[in-house]
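Quick note on labels: first sequence line is chain A, next is B, and so on, each numbered from 1. Computed over heavy atoms, backbone and side chain alike; hydrogens, waters and symmetry mates excluded.
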Amino acid sequence: MIRVRFAPSPTGYLHIGSARTFIFNWLYARRHGGTMILRIDDTDIERNTEESLNSIFDGLNWLGLNWDEQYRQSERLALHKQIAETILAKGLAYRDFTPPNAAGAEKDDAQHASGAWLFNPGQREISQEESDRRAAAGEKFVVRFRVPREVPEAVTFTDLVYGEQSKSTADIEDFALLRSDGTPTYHLASCADDVDLRITHIVRGQDHLTNTFKHVLIFKAAGGETPQFAHLPLLVAPNGAKLSKRIHGPVVSVTTYRDAGFLPHAFMNFLCLLGWSPKNDREQMTRDELTQLFSFEGVNRSNAVVNFTDEDPFDAKAVWLNAETIRTMAVPDLSAELLPVVQAAGIAVDAAKMLQITPLVQERIRLLNDVLQVADFFFATELAPYETTELIPKKGDLAMAARALEKALEVLPGADFTHDGLESALRASSTDLGIKAGQMFEPIRVAVCGRKTAPPLFGTLEVLGKETCLARIAKALAKLTATGITPLN
RNA sequence: GGCGCUAUCGUCUAACGGUUAGGACAGAGCCCUCUCAAGGCUUAAAUACGGGUUCGAUUCCCGUUAGCGCUACCA
């Protein structure tokens with residue numbers, strides 16, 4: 001039985017890299033009928049916030065990701081401590097009475113050069129009696145793992161992504177297991193819980209690859225079975241730097257994508273393509289296909305760039321995937337997604353109206369929020385002001401615009417207000433006027449939409465309704481005559 | 001500094017010794033067309049560098065360079 005876990009520390013919003021890690025864990029679990037575990041690694045009491053935890057849940061829920069078991073590390077402190085005691089009792093760890101600052105402060109060049117930084121000389125070898133006596137006297141100490149270094153040996157493991165890994169104990173420092181206040185460090189808590197929760201596969205970011213040697217040591221010392229490891233390449237900024245909120249801003253937070261109008265599945269699909277490939281040139285996959293296709297063999301070893309810029313905050317591929325998803329959605333489904341977006345912008349629109357507008361914008365929006373710009377004239381009671389010259393059709397002039405609008409005002413009241421009815425009426429009008437169809441449509445489009453680029457004209461007029469159309473066209477014509485132009489010029 | 005990992009078009013990636021180095025996004029052009037989109041077609045664009053091994057290296061080995069990670073009583 002496969003058991004995997006996602007172990008975020010609630011010290012910030014849900015990072016897109018973390019989300020991807022969750023997804024790969026989830027895909028692997030679902031693929032093999034395993035168990036997905038959410039373990040909140042909240043051993044850093046200083047930086048944990050409830051708000052951050054909520055943001056993680058929000059992001060995960062939005063993506064439609066679920067889990068089968070949930071734990072909180074802070075509730076499992078006794079277990080961690082007990083495992084540390086076990087390791088200490090076996091003599092595989094020792095008490096280090098060095099005060100916190102003294103050790104760190106001078107750990108610079110000189111020590112680095114000598115290699116002495118690997119452990120704390122003297123502390124490591126104090127006698128059992130002295131150690132016990134000082135501990136009993138209440139002296140503060142941290143429990144350090146005693147890395148077997150007298151005779152250097154290789155610590156090895158096989159990573160499902162990176163292959164055979166090996167590191168000499170001569171290059172592994174005596175890391176801490178328990179802090180001087182008795183709380184467990186990340187390394188200890190993580191491994192203790194992985195053993196206790198019978199985790200079979202640890203799937204996490206590549207930034208833990210080097211830490212894994214320490215973890216292998218802990219697993220062995222604790223007498224537990226060492227899980228399998230699969231490290232994932234990191235998600236980085238265009239300059240190769242690690243993604244951080246401080247320098248890269250909101251683009252690293254999952255909620256930013258949600259709020260910008262990404263569809264959960266499109267975004268998940270995008271994340272999956274970063275550092276993983278099904279190897280057959282497929283890019284758009286449903287959730288089921290993703291779980292069928294996922295394997296660690298397809299995971300890449302080099303970091304993946306999330307390609308954003310200051311002008312363009314979202315990776316073009318993510319946007320494209322989103323647009324593709326929008327285009328393939330059933331109109332009612334898309335409309336249902338769009339409705340709350342429009343309403344959230346303070347616009348009063350009902351579901352029936354939204355359903356009419358949706359097919360007109362479907363191919364023209366990349367993010368759900370784009371509907372606010374693309375369909376603005378459907379919602380506005382008063383059109384935003386536009387230049388009168390906008391009304392001029394291609395190879396035409398103000399007079400031609402005026403004639404077209406006047407003609408429209410003449411035929412539209414009696415026209416069949418449907419796509420086909422409008423098309424035949426307007427095309428006939430252009431023939432009557434002796435101008436091209438496009439020259440007839442352009443002024444009407446601007447009069448009705450307030451700008452030159454808009455959804456297809458006939459459908460737009462139909463949805464807008466006769467009354468609104470006539471009013472807007474009349475208003476545009478008035479703008480023209482105000483400039484002294486008359487249709488006969 | 002030490003140790004570890006990585007290196008194919010601008011970006012995401014395919015090619016697990018033999019290909020005109022493929023696809024996608026983004027870019028450019030053309031077509032379609034009531035504008036914008038969408039769609040179709042075309043186009044430009046990459047194996048970091050240097051050595052090996054081999055009949056033959058993107059692919060295997062070594063070195064260089066570069067990037068990233070770890071090197072905390074953070075996770």
Side-chain angles (χ1 to χ4, degrees), chain A residues 7-9 11 41-44 46-47 96 98-101 103-104 107-109 111-113 115 117-118 140-144 159 162 165-168 170-173 175-187 189-190 205-214 231 233-234 236 238-242 270 273-284 297 300-308 312 315-321 323 327 361-366 374 393-394 423 426-427 430 436-442 444-446 449 451-458:
Chain A
S9 59
T11 55
D41 279 12
D42 55 350
T43 51
D44 185 354
E46 306 282 298
R47 300 193 299 151
D96 179 3
T98 313
N101 293 330
K107 201 200 287 188
D108 29 30
D109 301 342
Q111 268 186 317
H112 276 176
W117 58 276
L118 284 172
K140 292 278 187 194
F141 59 86
V142 356
V143 173
R144 280 182 192 285
D159 190 274
Y162 287 88
Q165 301 295 314
S166 173
K167 186 168 182 170
S168 169
D171 295 318
I172 302 173
E173 70 278 11
F175 53 93
L177 256 25
L178 245 33
R179 302 190 189 101
S180 51
D181 63 0
T183 59
T185 61
Y186 160 73
H187 298 301
S190 177
Q206 192 246 37
D207 48 345
H208 285 297
L209 191 63
T210 320
N211 286 333
T212 306
F213 296 105
K214 295 174 191 168
H231 286 89
L234 267 20
V236 298
N239 67 354
K242 178 169 163 177
F270 167 68
L273 258 18
L274 256 22
W276 172 78
S277 156
K279 308 261 183 202
N280 56 186
D281 287 341
R282 285 212 56 186
E283 302 210 291
Q284 297 177 60
E297 306 224 331
N300 233 37
R301 282 175 289 276
S302 47
N303 292 346
V305 173
V306 179
N307 206 7
F308 60 85
D312 237 325
D315 191 302
K317 197 137 197 174
V319 174
W320 172 74
L321 242 14
R327 286 193 284 267
V361 300
Q362 184 163 26
E363 284 182 346
R364 279 159 262 271
I365 56 175
R366 289 137 69 236
V374 174
K394 211 172 284 175
E423 173 157 23
L426 260 18
R427 282 194 189 278
S430 70
K436 296 190 170 202
Q439 292 175 315
M440 178 76 204
F441 304 156
E442 262 190 275
I444 300 175
R445 171 176 298 112
V446 175
C449 302
R451 72 177 106 86
K452 279 187 148 74
T453 63
L457 189 59
F458 315 122

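Remark: A/N303 pairs with no residue by the side-chain hydrogen bond (donor to acceptor under 3.5 Å, both in side chains) rule, at least two apart or across chains. Considering only residues two or more places apart in sequence or on other chains, A/D312 meets the side-chain contact (heavy atoms from CB on, under 4.5 Å) condition with A/T309. Residues passing the side-chain hydrogen bond (donor to acceptor under 3.5 Å, both in side chains) test with A/D181, sequence neighbours excluded: A/T183. Partners of A/V142 according to the side-chain contact (heavy atoms from CB on, under 4.5 Å) rule, which considers only residues two or more places apart in sequence or in another chain, are A/R144, A/A176. Taking the side-chain hydrogen bond (donor to acceptor under 3.5 Å, both in side chains) definition, one finds that A/K317 meets it with A/E283, sequence neighbours left out. Under the side-chain contact (heavy atoms from CB on, under 4.5 Å) criterion, A/S166 pairs with A/A154, A/T156, not counting sequence neighbours. When the side-chain contact (heavy atoms from CB on, under 4.5 Å) test is applied to A/K214, the partners found at least two apart in sequence or on another chain are A/I172, A/E173, A/F175, A/H187, A/N211. Under the ring pair (Phe, Tyr, Trp, His ring centres under 6.0 Å) criterion, A/Y186 pairs with A/H208, A/H215, sequence neighbours left out.
When the side-chain nitrogen and oxygen atoms of A/N300 are compared with OP1 and OP2 of B/A14, one or more of them lie within a distance under 4.0 Å.
When the nucleotides B/A75, B/G2, B/A26 are ranked by their closest atom to the side chain of A/W320, B/A26 comes out on top.
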Polar-atom pairs under 3.5 Å, protein N or O versus N or O of nucleotides 19-22 of chain B: list them with distances, or write none.
| from | atom 1 | to | atom 2 | distance (Å) |
| --- | --- | --- | --- | --- |
| B/G22 | N2 | A/D281 | OD1 | 2.9 |

Check the interface with nucleotides 8-11 of chain B: list each N/O to N/O pair with the protein under 3.5 Å, or write none.
| from | atom 1 | to | atom 2 | distance (Å) |
| --- | --- | --- | --- | --- |
| B/U11 | O4' | A/N307 | ND2 | 3.2 |

I'd like a table of atom pairs between the protein and nucleotides 64-68 of chain B - only N or O on both sides, under 3.5 Å - with the distance next to each one.
| from | atom 1 | to | atom 2 | distance (Å) |
| --- | --- | --- | --- | --- |
| B/C68 | O2' | A/N303 | ND2 | 3.2 |

Q | Per-nucleotide protein contact string for nucleotides 28-37 of chain B (B base, S sugar-phosphate only, - none; heavy atom under 4.0 Å) | A | ------BBBB
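Distance noted for atom P between B/C3 and B/A57: 32 Å (whole Å).
Side-chain atoms of A/T210 and base atoms of B/C70 include no donor and acceptor less than 3.5 Å apart.
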